[in-house]
Amino acid sequence: MLKVALIDNMNNSFFAFTRYLRDEGVDAHLFCIKGENSHFEPHADTFKDVDTLDYIHFLPFKPSNRLKLMIWRPSLKKLLNDFDLIIASGGAIGFLELENITIDLVIPYGSDLYANPFKTFNSKSPISSAIRAYMAEHQKKGLQKARVMVMDRGFTLYRTALDKLQIKSYISASPMVYNRELEDTSIHLREWDFLDDHDFIVFNHSRQWWKSKVDAQLEDFETYGGAKRNDKVIKAFAEFLKTTRFKKPLLVLFEYGPDYQASKELIHDLKIEGQIKWMPISFRKNIMYGLSKATFATNAFRENLAGIGGVSNEALACGVALINNMQGLDSPAMIFASSAIIHAVTEDEIRDIFIDYENNPEKYKAIAKQSKKWFDDTAGRGLAKKYVKLLTLLASDKTITQEDSRVREIFANQ
């Protein structure tokens, strides 16, 4: 049986990947970094007792504790010696390279590609910046030496980083959300019972981020305001309330992100507090349970910036009609271009979709059903099956890289 190690677990994407691989008969093991963020640990993504899952392990260090890591890292080779293949992301990429451990499949999540490899020395903080610059070189080498790279070139930010590193990428996505626990009818979360009293439910569980400037590291986008533009959803919903025939419409928001207080003020000014439900920051397993009851999911509406990520995956995985800005998907390989996501970017467009649902509910119920099927076939189980073929091929011949036509053929229709 093929034995695979997945190292790091940003946004629980590798935990999802691990479970899909195990469903397909691969002996996949997840190595998490303890204490980075409780939202990125397996217990946030499953209702099972994580302590009983013998394929989950926690590394005894954090990338931020570099001194401890430098002392402990020589045992990394011994720890991974029994595995046929290594899949990695995050800061682990550089530390694996330090030990001359070749990464068979590298799947960056973002800043580990566009920021970490490019950190330089700063005389204002000589010791810490020297360590960061040292690790940046190893991060860069680890990315460049990986046998296969997974990253969509359709986004300018990622394409620019790949070009600087002189790395090609033929594969654009990995299975990052596991939805098979939703099939377990024994799970019941009372915290979402209130949704049963509403006849039209809009879910917006992305970060409240519409006033603040985006991360300064994202140089291409630093002139824009907040990346999610949740204010458009709130305003569109407020306009919809003026004409709707629904008796109890509801907008569900989360106290998450730099602008959630600003969103509360906006809601107060619009006088729609009675139709809003604020939820606390929640684990994905809880969010997906409530999300599956929604009429619509909404995500990001920043002009010229398609916001495809965890929120989009979660909505499609739950079989909920998703409204999202799809501008800027200029990569033929970008798998979400073929999804059932409903495009909108302005407040009027979002409002008009709500109104159209009121007149044509079956149209959007069909889109929701199509979304689930698309996810399972293209971004979930179906995609995992392709990765099993890839991993089997990579294990059969350690000289194979993504330059091999057989690798590209597996994902030719992605």
Side-chain angles (χ1 to χ4, degrees), residues 11 37 39 109-111 114 155-157 200-242 249-282 284 287 290-291 294-316 320-329 336 341-355:
N11 205 25
N37 188 319
H39 275 68
Y109 55 75
S111 60
Y114 66 72
F155 293 108
T156 303
L157 182 65
F200 181 83
I201 302 165
V202 178
F203 228 77
N204 183 232
H205 65 292
S206 61
R207 281 174 288 177
Q208 295 296 309
W209 191 6
W210 55 273
K211 241 183 170 182
S212 303
K213 294 294 183 182
V214 298
D215 190 337
Q217 292 183 90
L218 313 187
E219 294 179 2
D220 291 343
F221 308 140
E222 65 180 351
T223 58
Y224 293 109
K228 298 297 182 181
R229 286 306 303 268
N230 318 74
D231 60 315
K232 293 184 180 182
V233 179
I234 295 168
K235 292 174 182 176
F237 186 73
E239 286 297 309
F240 175 67
L241 291 176
K242 295 177 181 179
L250 184 72
L251 173 59
V252 179
L253 304 171
F254 286 75
E255 294 177 331
Y256 172 50
D259 296 327
Y260 81 85
Q261 288 293 351
S263 293
K264 288 187 175 183
E265 292 171 9
L266 174 62
I267 289 165
H268 174 75
D269 292 342
L270 293 170
K271 297 180 172 56
I272 58 172
E273 292 102 324
Q275 286 76 43
I276 307 294
K277 176 64 176 180
W278 282 98
M279 297 295 290
I281 295 176
S282 305
R284 174 182 282 164
I287 290 173
L291 177 59
T295 309
F296 284 107
T298 54
N299 184 25
F301 302 97
R302 163 57 60 191
E303 295 85 352
N304 303 314
L305 180 61
I308 301 294
V311 168
S312 303
N313 273 275
E314 288 156 8
L316 295 167
V320 178
L322 170 65
I323 308 172
N324 192 78
N325 177 21
M326 297 292 281
Q327 291 175 345
L329 296 184
F336 289 95
I341 295 175
I342 305 163
H343 169 72
V345 71
T346 69
E347 296 163 25
D348 288 348
E349 288 170 343
I350 300 168
R351 178 206 60 203
D352 289 347
I353 292 167
F354 295 162
I355 293 172

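None of these values were measured; they are calculated from a predicted model.
The two residues N230 and S206 come nearest to each other via the heavy atoms ND2-OG, 3.3 Å. Counting all heavy atoms, side chain and backbone alike, V320 lies closest to A294 at CG1-O, 3.9 Å. Smallest separation of non-hydrogen atoms from K211 and A262: CD-CB, 4.0 Å. The two residues T295 and A321 have their closest heavy-atom pair at O-CB, 4.1 Å. Here the closest heavy-atom approach between residue A344 and residue F301 is recorded as O-CD2, 3.2 Å. Closest of all the heavy-atom pairs between Q208 and L253 is NE2-CD2, 3.8 Å.
Looking only at side-chain heavy atoms (C-beta outward), H268 and E273 come within less than 4.5 Å of each other. For the pair Y260/W209, no side-chain contact is recorded, criterion being any heavy-atom separation below 4.5 Å from C-beta on. Residues K235 and R351 form no side-chain contact, since every pair of their non-hydrogen atoms from C-beta on lies 4.5 Å or further apart. Residues W210 and K228 form no side-chain contact, since every pair of their non-hydrogen atoms from C-beta on lies 4.5 Å or further apart. Counting only heavy atoms from C-beta outward, the side chains of V252 and V202 never approach each other to under 4.5 Å.
A salt bridge links K232 with E303: the distance from a Lys NZ or Arg NE/NH1/NH2 to an Asp or Glu carboxylate oxygen falls below 4.0 Å. Of the charged side-chain nitrogens involved, none lies within less than 4.0 Å of a carboxylate oxygen, so that K271 and D269 do not count as a salt-bridged pair.
Rounding to the nearest 0.5 Å places CD1 of I234 at 11.5 Å from NZ of K264. In this structure, OG in S263 is found 13.5 Å from CZ in R207, a value given to the nearest 0.5 Å. Here CZ of R229 is found 5.0 Å from CZ of R302. Values are rounded to the nearest 0.5 Å. For the atom pair CD1 (I272) and CG (L266), the distance works out to 7.0 Å, reported to the nearest 0.5 Å. With rounding to the nearest 0.5 angstrom, the CG atom of L270 is 9.5 Å from the CG atom of L241.
Between the side chains of H343 and E349, no donor N or O sits under 3.5 Å from an acceptor N or O.
Partners of F254 under the ring-ring contact (aromatic ring centres under 6.0 Å, His included) rule, at least two apart in sequence or in another chain, are F203. Every ring-ring contact (aromatic ring centres under 6.0 Å, His included) that F240 has, sequence neighbours left out, goes to F200, F354.
With S282 contributing its side chain and P280 its backbone, the two residues share a donor-acceptor pair below 3.5 Å. In this structure a side-chain-to-backbone donor-acceptor pair under 3.5 Å is missing from N299 to V311.
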Stepwise side chain to side chain contact (heavy atoms under 4.5 Å, CB included) test for I267 and L251:
CA-CA 11 Å; I267 289 165; L251 173 59; 5.6 Å; no

Does the side chain to side chain contact (heavy atoms under 4.5 Å, CB included) test come out yes or no for I308 and M326, once each step is laid out?
CA-CA 8 Å; I308 301 294; M326 297 292 281; 4.0 Å; yes

Would F296 and L322 count as a side chain to side chain contact (heavy atoms under 4.5 Å, CB included) here? Give the steps.
CA-CA 6 Å; F296 284 107; L322 170 65; over 6 Å; no

Side chain to side chain contact (heavy atoms under 4.5 Å, CB included) for V345 and I350? Distances and angles first, verdict last.
CA-CA 7 Å; V345 71; I350 300 168; over 6 Å; no

